[in-house]
Structure formats: structure tokens, C-alpha cells
2 protein chains.
Amino acid sequence: MASEIEKRTLDRYLEEHNLKHTKQREAILEVFLSLKGHVTGEELYGKVREAHPQVGYTTVYRTLKLLCAAGLANESHFDGGITRYEIQHEHHDHLVCTRCGKIIEFDCEMIETAQERIAKEHGFRVLRHRHELYGHCADCREAS
Amino acid sequence: MASEIEKRTLDRYLEEHNLKHTKQREAILEVFLSLKGHVTGEELYGKVREAHPQVGYTTVYRTLKLLCAAGLANESHFDGGITRYEIQHEHHDHLVCTRCGKIIEFDCEMIETAQERIAKEHGFRVLRHRHELYGHCADCREAS
DNA sequence: GATGAAATTGAATATGATTTTCAATTTCAG
DNA sequence: CTGAAATTGAAAATCATATTCAATTTCATC
């Protein structure tokens with residue numbers, strides 16, 4: 001079903017930290033991976049319940065933090081102040097449609113390079129970054 | 001005291017929207033402008049009370065929203081999910097030190113251009129953007 | 001300057017997202 | 001299988017922010 005690689009990553013993390021492998025954690029990981037988007041804790045909770053009605057709200061939140069710690073997920077705060085989680089893969093930036101909420105990912109070599117230069121100018125060592133463009137997507141522009 | 005230009009901007013906004021000019025609003029604007037940083041509602045409330053102990057929490061929050069609506073302030077959600085407000089001047093991006101919390105502003109023509117190109121490729125119309133580099137500033141790197 | 005309708009204030013309460021608490025349950029090393 | 005340690009989940013606690021509402025203030029008009 002779910003990607004074996006991620007399951008193994010989680011298992012390794014659990015072992016290394018003397019944590020236990022539970023069916024809830026596995027279930028939540030599986031659902032999280034199947035979604036592929038940028039989910040809130042609440043959304044994920046809803047989806048998890050469809051397949052596993054016994055899982056609690058709290059466990060979903062806790063597991064999401066765990067997945068971040070294990071390097072499988074990533075927190076981001078888009079405008080509005082709601083926390084969303086996304087699968088941690090190669091870094092990408094986002095185009096966010098403020099009408100329909102669609103999120104498109106992009107990548108730009110030139111920007112990455114420029115960032116490095118700016119950081120160096122300020123004596124900064126960059127560990128990570130976020131770059132989001134907010135506006136209206138093609139579909140919403142047509143619709144209006 | 002405070003910048004007359006901003007006061008006039010606020011007054012104009014209030015008039016245009018049939019809102020009233022109150023001493024609280026003026027006081028909050030004045031303190032907000034004097035801070036020049038990226039404040040949370042709570043921080044601003046603390047500062048406002050130093051000079052005007054009678055002003056309530058609620059009024060500070062409400063006025064912050066008002067200042068945004070009037071184009072004098074700007075909301076941003078840095079990592080951690082706490083809302084911060086900054087004075088609205090020319091657009092700039094941020095270098096955020098994750099150790100000491102320092103926030104440095106920067107600007108880059110090349111990045112702006114690249115953004116425009118990417119947006120166009122996706123049929124997106126960009127209204128605003130955020131671009132934040134997280135890492136360690138020069139001071140914190142030395143200290144470690 | 002007085003008047004009163006409409007807007008504003010602020011204390012308290014509500015909200016919504018996330019976290020903590022804690023007793024009961026589950027995992028896993030031995 | 002056993003028991004110690006970790007985990008779960010329901011409920012309660014937090015934390016930031018928003019809403020309610022009676023009392024107060026503003027301001028256009030007299």
C-alpha cells in the first residue's frame with residue numbers, strides 16, 4: 001500500500017528514539033502519504049477517521065509532529081495562520097491561489113542562487129527558506 | 001510626534017469609511033510606528049499600555065486590523081504560526097535568525113523578475129508574495 | 001455649545017486550533 | 001508470558017484572537 005521507504009524511515013526513527021511502533025502511527029502515516037497535498041491537522045484527522053474511526057484527534061496531531069521530527073513531513077504556515085503539513089520531498093516553493101486555495105509548486109535555480117548571494121552578503125547561514133507567491137490562478141482569472 | 005503622513009492616511013481612511021477618530025486609535029498608531037519592527041498583537045498591547053494604561057487588549061487587536069485595512073500595516077506569519085505586524089512600506093523580504101530571532105530585510109531585483117516569469121508560466125497573477133530565509137545570523141554563528 | 005444617532009470601547013466571554021493531563025491500554029524486551 | 005515504559009484518547013487546559021454587549025465617545029446637525 002503505502003510507500004515502504006517511508007514506513008522504514010519511520011520505523012528507524014522510532015527505534016533510534018526508543019519509541020514504539022503502533023498501528024495508529026502506521027495508519028496515520030499511510031493516510032498522510034496518500035494525500036500528497038498540504039493538509040491541516042483537522043483535515044488529516046477527517047481522512048484518517050474514514051479508514052480508522054477509532055483514532056483520536058490528539059494522536060493525529062502528535063503523529064504529525066513525530067513525522068516532522070522523523071523528517072517525513074514538514075510544517076508550513078501559509079497566510080491565515082493555519083498550520084499545514086506537507087510531505088517532505090525535495091524543496092519547492094509555492095504559488096497560492098487566494099480565491100480557490102489551489103497550491104502549485106515551483107522551483108527556480110536562479111532564485112536559489114540569488115538567495116545564497118544575499119545570505120552571504122549578510123553573513124547569514126541559511127538552513128531553509130520559504131517562498132510563496134499569492135494571487136489568482138489561471139482558472140480563477142478566467143472565471144471572474 | 002508620530003509621522004503626520006501616517007496619521008493623515010488613517011484619518012482619510014476613517015473618513016472614507018464613516019469611522020470615527022478616537023484617541024485610542026491615534027495612540028495605537030503612534031506606538032506602532034515608533035516600534036518599527038515586527039510586533040505581535042500582544043507585544044504591541046504591552047507597549048501601548050506603557051503610555052496609555054486604559055487601552056484594552058481588544059482595541060489593540062481591532063486597530064491592528066484597521067491599520068492593515070488602511071494600508072498602514074501588514075500581517076505576516078513567520079514560522080511558529082504567530083501573527084506579526086509590520087509597518088507597510090516598500091516591499092521587502094526577510095532573513096530570519098532562528099537562534100536570536102533577529103529579522104533583517106532585503107530586496108532583490110533579480111528575484112522579483114524571476115517570480116514574474118514563473119507566475120506567467122503558470123498563468124498566475126501575483127498580488128503579493130513572501131520570501132523568508134531562515135538560518136543563523138553572523139552574530140549567532142560567531143557565538144557558537 | 002447642546003443633542004442624539006451611530007460608532008467605539010473594553011471587560012468578559014466565546015472561539016478555534018493545538019496541547020496537556022491522566023487513567024486505561026498496548027508494545028516489546030527479557 | 002510479564003512488567004516496565006510508551007502510547008492512546010477523552011476531556012480539560014492553553015493560547016491567540018474574535019465576538020458580545022452595555023456603557024461611553026464622537027461628530028454632524030441644530
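Below, chains carry the letters A, B, ... as their sequence lines are ordered, and counting in each starts from 1.
Note on A:Tyr61: a side-chain N or O is less than 4.0 Å away from OP1 or OP2 of C:dT18. Note on A:Thr83: a side-chain N or O is less than 4.0 Å away from OP1 or OP2 of C:dT18. Not one side-chain nitrogen or oxygen of A:Gln54 sits closer than 4.0 Å to the OP1 or OP2 atom of D:dT8.
Where B:Lys20 and B:Lys65 each meet DNA chain D at their nearest nucleotide, the meeting point lying more 5' is that of B:Lys65. Take the nearest nucleotide of DNA chain D for B:Ile82 and for A:Lys23: the residue whose nucleotide is more 5' is A:Lys23.
Side-chain contact, A:Glu132 with A:His94: no donor N or O sits under 3.5 Å from an acceptor N or O.
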Would you check, one step at a time, whether the test salt bridge (Lys or Arg N to Asp or Glu O under 4.0 Å) holds for A:Glu43 with A:Lys47? CA-CA 6 Å; A:Glu43 282 164 6; A:Lys47 293 292 184 185; over 6 Å; no
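Taking the six-membered ring for Trp and thresholds of 30 and 60 degrees, B:Tyr45 and B:Tyr57 have ring planes inclined between 30 and 60 degrees apart.
Across the protein-nucleic acid pair, B:Glu15 atom CD and C:dT8 atom C1' stand 17 Å apart, rounded to whole Å. Protein atom CG of B:Leu14 is 19 Å distant from nucleotide atom P of C:dA6, rounded to whole Å. Between the CD atom of A:Gln24 and the P atom of D:dA6 there is a distance of 17 Å, rounded to whole Å. One interatomic measurement links the two molecules: CD of A:Glu42 to P of C:dT18, which rounds to 8 Å at whole-angstrom precision. For the pair A:His17 NE2 and C:dC28 P, the computed distance is 16 Å after rounding to whole Å. Here the C1' atom of nucleotide C:dA17 and the CD atom of A:Glu75 are 12 Å apart, to the nearest Å. Distance, A:Leu19 CG to C:dT27 C1': 12 Å, rounded to whole Å. We find that CG of A:Asn18 is positioned 14 Å from C1' of D:dT7, with the value rounded to whole Å.
At a threshold of 4.5 Å between non-hydrogen side-chain atoms, the residues A:Lys20 and A:Leu14 do not count as touching.
Applying the 6.0 Å contact sphere to CD of B:Glu109 captures no more than 12 heavy atoms from other residues, nucleotides or ligands.
Using a 4.0 Å heavy-atom distance criterion, B:Arg25 is classed as a sugar-phosphate-only contact. Residue contacts for A:Thr22: at a heavy-atom cut-off of 4.0 Å it reaches the sugar-phosphate backbone alone, with no base atom in range.
Taking every side-chain heavy atom of B:Thr58 into account, C:dA11 is the closest of C:dA17, C:dA7, C:dA11. Listed nucleotides: D:dA6, C:dA12, D:dC27. Nearest to the side chain of B:His21: D:dC27. Checking C:dT27, C:dT9, D:dT17 against every side-chain atom of B:Tyr57, the shortest atom distance belongs to D:dT17. Side-chain proximity of B:Arg62 to D:dT7, D:dT26, D:dT20: nearest is D:dT20.
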